[in-house]
Amino acid sequence: MAVNMDDQAGLASYAARAANSRGRRLPEPAPDYRSEYQRDRDRIVHSSAFRRLEYKTQVFVNHEGDMFRTRLTHSIEVAQIGRAVARVLRLNEDLVEAIALAHDLGHTPFGHAGQDALNHCMKDYGGFEHNLQSLRVVDKLEERYAEFNGLNLTYETREGILKHCSLKNAAAMGELGERFLRKQQPGLEAQLANLADEIAYNNHDVDDGLRAGLITLDQLDGIRLFSEQHECVAATHPGIGTRRLVHEVVRRMINRQVRDLVETSRERIGESGVTSLEEVRARSVPLIGFSAAMTEWNLELKQFLRAQLYRHYRVKRMSNKADRIMKALFSAFLEDLQVLPPEYQQKAARSEQAAGVAGRARVVADYIAGMTDRYAIGEYERLFDPARLT
Ligand code: MG
């Protein structure tokens, strides 16, 4: 006999509950054996956009080495951090996990450089925002279910995926855009997934940056979040090997940030007196957050990474190349739909009929955004390398 599983026991009054969900756009019977948010998570894990995260990157290009994070391992790290904090704060772990695993689904190939390039290409056609694209993937682009396009996820998961949104786009989004216009907050699970993302990428960029030799321990010793833990590990374990040292420092940094996040958020939730998800949503500022001191330390680390890692000449060479590839692909496809795979030609033609050249451009952007790093490089070679005529 099928047993419908509700959420985990002991949720706080202000946590999201599947039973109180605002539901799916297309109503469906409740799942057997799982909660609604577990079903969301499972649909995300089985999506093709999720599998492609394995070959997409944030800072480094995928083929640079097998040791670096990809968007897939990053998303799993975000889910891990998010779930750990959710459990302590008695928030809905399944929902945090679903949001974390979906949050990067709309990312282009080649990380930030790819996203900036596509946004530039789309500037006359409504622009390109990766958060909006993640939502587009789960709402429209996945073609897996007989009865609907997209994954038909719950409102709360979709709310969490749409982390940022320009006011112009928010105005056109109906219910999901309202909070941006009213300057209100999403549920605590969405707030948490957002900060778990920040903890995960700052720390893994330190780890990957060191491994790639783009930044050094000496440089990082000027960053308080790092030096505090570095001193501690060096004092407790003199003579420890560098790889182990780095891992030990990074894991302690994550731990330090998670602890700060738990304590600060717990305090703020207590002081706010919120007792329901609706009260959380009605607030003008988030309740999940870091202390003032940790916010400052995080900012220091972010500024360091921006200056020393993201603008490193080796990263710049790669991102310039990515920029050229993305722009060349976009123009080639937009100018002549016949070089698109037939399925996309048809979609672009239909979309052009409905929305003019902006509609055609949107399908080209969807096609390019869905590519992995190596697929984009392959498409570039197939289109522009004179030595390749197939
Ligand atoms: Mg992320």
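Counting starts at 1 for both ligands and their atoms, in listed order.
- Each of Asn194, Leu89, Thr264 was checked for a side-chain contact (heavy atoms from CB on, under 4.5 Å) with Ile288, and the lone residue meeting it is Leu89.
- For His103, the N/O/S atom at the shortest distance from the Mg ion (ligand 1) is named NE2.
- An angle of 70° is found at the Mg ion (ligand 1) between His74 atom NE2 and Asp197 atom OD1, rounded to 10°.
- Tyr155 meets the ring pair (Phe, Tyr, Trp, His ring centres under 6.0 Å) test with no other residue; sequence neighbours excluded.
- Residue pairs satisfying the salt bridge (Lys or Arg N to Asp or Glu O under 4.0 Å) criterion with at least one member in residues 181-204, sequence neighbours excluded, are listed as follows: Lys163-Asp197, Glu178-Arg182, Glu198-Lys302.
- Between the Mg ion (ligand 1) and His107 there is no N/O/S contact shorter than 2.8 Å.
- In this structure, Arg324 is not positioned above the aromatic face of Phe384 in the sense of NZ or CZ being under 6.0 Å from the six-membered ring centre and within 45° of the axis.
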